[in-house]
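Here's the structure we're looking at; comments come further down.
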Amino acid sequence: MAAQVVLQPSPPSLGPRKTHHHHRLGTFHALESCSTMSELKQFHSQIIRLGLSSDNDAIGRVLKFCAISEFGDLNYALQLFDRIPQPDAFIYNTIIRGQLQTQSTRTCILLYTQMLCRSVLPNKFTFPSVIRACCIEDSIEEGKQVHAHVLKLGFWKDEFSQNNLIHMYVNSYCLDDARRVFDKMPRRDVISWTTLISGYSRWGLVDDACKVFEMMPERNSISWNAMIAAYVQSSRFQEAFSLFNQMRAEKVELDKFAAASMLAACTGLGALEQGEWIHRHVEKSGIELDTKLATTIIDMYCKCGCLEKAYEVFSGLSHQGLSSWNCMIGGLAMHGQGEAALKLFKEMENEKVAPDDITLVNVLNACAHAGLVQEGRHYFDHVTKTYEIEPKMEHFGCMVDLLGRAGLLDEARKLIDEMPMSPDAGVLGALLGACKIHGNIDLGEQVGKRVIELEPQNSGRYILLANLYASVGRWDDVANVRTLMNDRGVNKAPGCSMIELDGVVSEFIAGGRSHPRAKEIYLKVDEMLQCIRSAGYVPDTDGVLHDIDEEEKENPLYYHSEKLAIAYGLLNTSPGATIRISKNLRVCRDCHHASKLISKVFDREIVVRDRSRFHHFRGGECSCKDYW
Ligand code: ZN
Ligand code: ZN
């Protein structure tokens, strides 16, 4: 996950409280040093004895301790508040802030209304809390009224209130209102700018975010991080990289938030070299390696195909939190190392770390990718019972996948029937995939139609059903699925593969010719295929006949994106170097077969990350044992 930039403006002060009478000073001074409720209560009784129990000045201080300080007691504060005959703005501000701290946002808004009804004039310390309450509460209508009061009472110059208003409008997707507040501010601080940038990016308007970023007169690391995070969260990793380079050129310090965002970008692109660079930088610069950042690094290594490094970081941690265990187990699962993943899970249990939902998903995936049916059944029971984890949709999906791949279609179907919830497209999709692998046309057809109705915009679902029909030569049905897809305007995602060389990531689209060295690359593909033909490669034209594989139909099999990326890798790396590729879709059968032969004929290790797992091709074999 990319780092979230902290946007909440720091809590505003409550405003000054002046002491007018010298004889009270002693009492108040002692109050400041109070650290428990029982001490506080002594002072409270002292105040009563001094006859100050209806003195807002004195009571306000007692109230502040109870309502806001970490040693306080909000209930005591509320009782106190109810007995104050004429509370002033300071007292209201205090009690509203106390309620805000406990997230009682509705009460905050009610207190504010009460304040107005009792003709207590709000001051600039009132608004930030009330606006924030409206924001958390998602009460945009009340929020707009408060905004009107801010303007009417002349507090439109106060940054605290304005920043909170921007935050509130952004939160409710009122981006024009947020912008108006921003534009009218006489003075904007970094929080104002960053709130707007993150606001745009949160709703997917990354280009607008970028325009604001470029307008900033002065940027600090928070604003750079916000913009980098914006690109990463919308998967525009290349742009994140160029911004990151610009940031470094301007000598802005790389902190842990930017590091986390950039690691996520490396993970997205499969850019191992860049990821390693950031990892080294984190080590050198003394950025604190907390569990969260460590997990991001482990995740990067796992997803960039470098398990050894991931394990090195994992085992070097002084404290392995649940998230790093989950990440490491998930990484092993993704690489088809089921046994190792289960071994690590046992270690985790020995260390008395209790697993959660995610652990169970990863353990079951480990079993599914390695065909460990017995173990999968065992862990499903064991984990749900021992740790009282209620199995969720996802867990049933993993089990159906595990059983289905192993050909236990009846058991998979029985599990679906017995699930406490009705299966979603993910669970049924797993069964459909299994029907395709094991050639169960009748069940596959039933399930396939249901899946398509559950997810009518997901092209992969149509393709799987069409392939199922194609595998038994039902071409009319293949054509019907195609027509249905076209009628509903469902587009297939184009196949796209990425390869990183010398820190530069190149993208290849199936059949695409936009690369400056396209001609050379296509020649290399032809040469590559010629070489493996003599080693027994026969194109798997099944896919071409169906004309409906995951890759675009107009692109011949030979120029699928991973073939282009492999050719580019062969052209640009020295003999023996590992070629690492990441792909957005599942690897097709033909590319899988070709990659195995290329690894043998060209004596290269090829690591491909596809949509769901890793393939390590070496010496003519794949680590997935053709089980994917
Ligand atoms: Zn392919
Ligand atoms: Zn494979």
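As the structure is a computational prediction, the values presented were derived from the model and not from experiment. Counting convention: from 1, in listed order, for ligands and their atoms alike.
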- Does Arg513 make a cation-pi contact with Tyr522, if we ask for NZ or CZ under 6.0 Å from the ring centre and within 45° of the axis? yes

- Message: Tell me whether Lys524 is salt-bridged to Glu520, with the criterion being a basic N under 4.0 Å from an acidic carboxylate O.
- Response: no

- Query: Looking at His592, which of its N, O or S atoms is the nearest one to the Zn ion (ligand 2)?
  - Reply: NE2

- Query: Can Arg488 and Glu453 be counted as an ion pair, charged N to O under 4.0 angstrom?
  - Reply: yes

- Query: the Zn ion (ligand 1) to His560: any N/O/S contact under 2.8 Å?
  - Reply: yes

- Message: To check your reading of the site, what angle at the Zn ion (ligand 2) do ND1 of His615 and SG of Cys622 form, to 10°?
- Response: 120°

- Message: I'd like to know whether the aromatic ring centres of His395 and Phe380 sit less than 6.0 Å apart in this structure.
- Response: no

